[in-house]
Amino acid sequence: KPIFDFLCHQALNNVSPKKDTIKNPMQLSINSVRGAAIDKIMRLQDKRYGNRIFDVLKTTILKEKKYAIKATIIHNSAYLQFYNKVKAFNLFMDIIKIDKRLINESFWSANYFANSFFSEMDDYIELAMKNKNTYKVFANFLAISWLKGFDSSEKYLFNLLKKATEARSE
């Protein structure tokens with residue numbers, strides 16, 4: 001418990017990384033005290049701490065200015081399904097609404113959330129459809145979703161493949 005409390009304190013109160021970049025935000029984040037603390041508490045799997053972890057992350061999301069810290073949260077958000085799938089998914093969707101640039105860092109967790117919430121991901125999918133920088137990774141996400149039989153994934157996948165040659169495998 002003292003270590004967990006220490007990590008939560010660091011996640012909420014330590015200074016954010018001085019630099020901020022979209023180029024390699026995950027590395028920048030985990031090489032800062034604050035980002036490393038957030039990364040560790042998100043990967044913790046102990047039911048005693050679930051509610052506190054969600055509270056710390058909600059507070060962080062609302063006040064965070066650094067892209068790198070938010071990137072760590074969205075990337076790791078699928079780990080939170082251990083505690084509560086609905087709360088984890090809502091946190092994922094909330095942070096993407098706050099900073100749409102995070103679509104670049106979100107696909108790892110999106111693949112996990114799609115298993116339970118694909119039919120509720122229309123806003124997320126529409127956002128990704130507008131982001132040319134993510135077409136190749138997004139096409140993979142949609143292809144996997146289509147193979148799993150998720151409703152409307154076929155429509156999104158083939159629309160993306162028609163509109164963007166970047167989305168096609170070579």
Side-chain angles (χ1 to χ4, degrees), residues 8 11-12 22 25-26 29-30 35 37-64 66-164 166-169:
C8 289
L12 291 169
I22 295 176
M26 298 297 294
S29 178
I30 63 169
I38 289 169
D39 183 72
K40 293 297 179 226
I41 66 171
M42 291 185 79
R43 292 171 187 257
L44 180 67
Q45 293 195 341
D46 188 328
K47 296 273 186 185
R48 296 176 294 172
Y49 303 122
N51 288 333
R52 179 107 185 266
I53 291 170
F54 279 106
D55 290 343
V56 167
L57 294 173
K58 285 179 188 174
T59 300
T60 302
I61 288 167
L62 292 175
K63 71 178 190 176
E64 189 56 56
K66 298 291 185 176
Y67 182 85
I69 299 294
K70 292 183 285 186
T72 292
I73 295 171
I74 199 157
H75 178 79
N76 289 340
S77 59
Y79 288 117
L80 301 174
Q81 292 182 96
F82 172 80
Y83 300 106
N84 184 313
K85 283 185 178 188
V86 173
K87 283 174 80 171
F89 177 69
N90 289 337
L91 184 113
F92 174 84
M93 293 301 288
D94 288 346
I95 196 167
I96 201 76
K97 288 175 188 169
I98 290 169
D99 191 338
K100 292 173 180 28
R101 299 174 302 164
L102 291 167
I103 198 79
N104 297 323
E105 316 308 327
S106 68
F107 291 110
W108 184 82
S109 283
N111 276 302
Y112 287 95
F113 287 121
N115 292 319
S116 300
F117 301 102
F118 189 84
S119 63
E120 298 171 45
M121 295 179 78
D122 287 341
D123 290 342
Y124 174 83
I125 291 169
E126 291 296 332
L127 176 63
M129 292 284 281
K130 295 175 186 172
N131 190 328
K132 292 181 182 182
N133 296 330
T134 64
Y135 281 169
K136 194 168 250 4
V137 176
F138 182 54
N140 289 336
F141 166 78
L142 289 174
I144 290 166
S145 299
W146 177 54
L147 291 171
K148 290 180 178 178
F150 298 145
D151 291 340
S152 73
S153 58
E154 180 179 2
K155 171 188 77 169
Y156 286 121
L157 175 61
F158 291 111
N159 283 344
L160 179 63
L161 293 175
K162 282 180 198 170
K163 106 178 188 179
E166 305 93 353
R168 300 178 198 151
S169 292

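Counting from 1, the numbers follow the sequence of the chain as shown.
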Residues at least two apart in sequence or cross-chain that pass side-chain hydrogen bond (donor to acceptor under 3.5 Å, both in side chains) with Lys132, listed by chain then number, are none
Restricting to side-chain hydrogen bond (donor to acceptor under 3.5 Å, both in side chains), what partner residues turn up for Tyr79, sequence neighbours left out?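 Counting only residues at least two positions away or on another chain, Tyr79 forms a side-chain hydrogen bond (donor to acceptor under 3.5 Å, both in side chains) with Arg43.
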Pairwise side-chain contact, [X] with [Y], heavy-atom cut-off 4.5 Å (strictly under):
X: Phe118; Y: Ser152; answer: yes
X: Glu105; Y: Asp99; answer: no
X: Cys8; Y: Tyr49; answer: no
X: Leu80; Y: Phe89; answer: no
X: Phe138; Y: Ile125; answer: yes

Contacts of type salt bridge (charged side-chain N to carboxylate O under 4.0 Å, His left out), residue Asp123, not counting sequence neighbours: none
Between Asn133 and Asn104, does the side chain to side chain donor-acceptor pair (under 3.5 Å) criterion hold? Intermediate values first, please. CA-CA 8 Å; Asn133 296 330; Asn104 297 323; 5.4 Å; no
Spacing of [X] atom [atom1] and [Y] atom [atom2] [to the nearest 0.5 Å]:
X: Thr72; Y: Asp39; atom1: OG1; atom2: CG; answer: 6.0 Å
X: Lys70; Y: Ile98; atom1: NZ; atom2: CD1; answer: 7.5 Å
X: Lys100; Y: Lys130; atom1: NZ; atom2: NZ; answer: 8.5 Å
X: Tyr135; Y: Leu142; atom1: OH; atom2: CG; answer: 11.5 Å

Assess the residue pair Gln81 and Phe92 against the criterion (side-chain contact (heavy atoms from CB on, under 4.5 Å)); give the C-alpha distance rounded to whole Å, side-chain angles, the decisive distance to 0.1 Å, and a yes or no. CA-CA 11 Å; Gln81 292 182 96; Phe92 174 84; over 6 Å; no
Of the non-hydrogen atoms in [X] and [Y], which two are nearest, and what is the gap between them?
X: Trp108; Y: Ala78; value: CZ3-CB, 3.9 Å
X: Ser145; Y: Ala114; value: OG-CB, 4.3 Å
X: Tyr124; Y: Ile96; value: CD1-CG1, 4.3 Å

Take the angle between the ring planes of Phe141 and Phe107 and call it parallel below 30°, perpendicular above 60°, tilted in between.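 It falls in the tilted class, 30° to 60°.
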Quick one: does NZ or CZ of Lys85 land under 6.0 Å from the six-membered ring centre of Phe113, within 45 degrees of the ring axis?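 No, Lys85 does not sit over the ring of Phe113.
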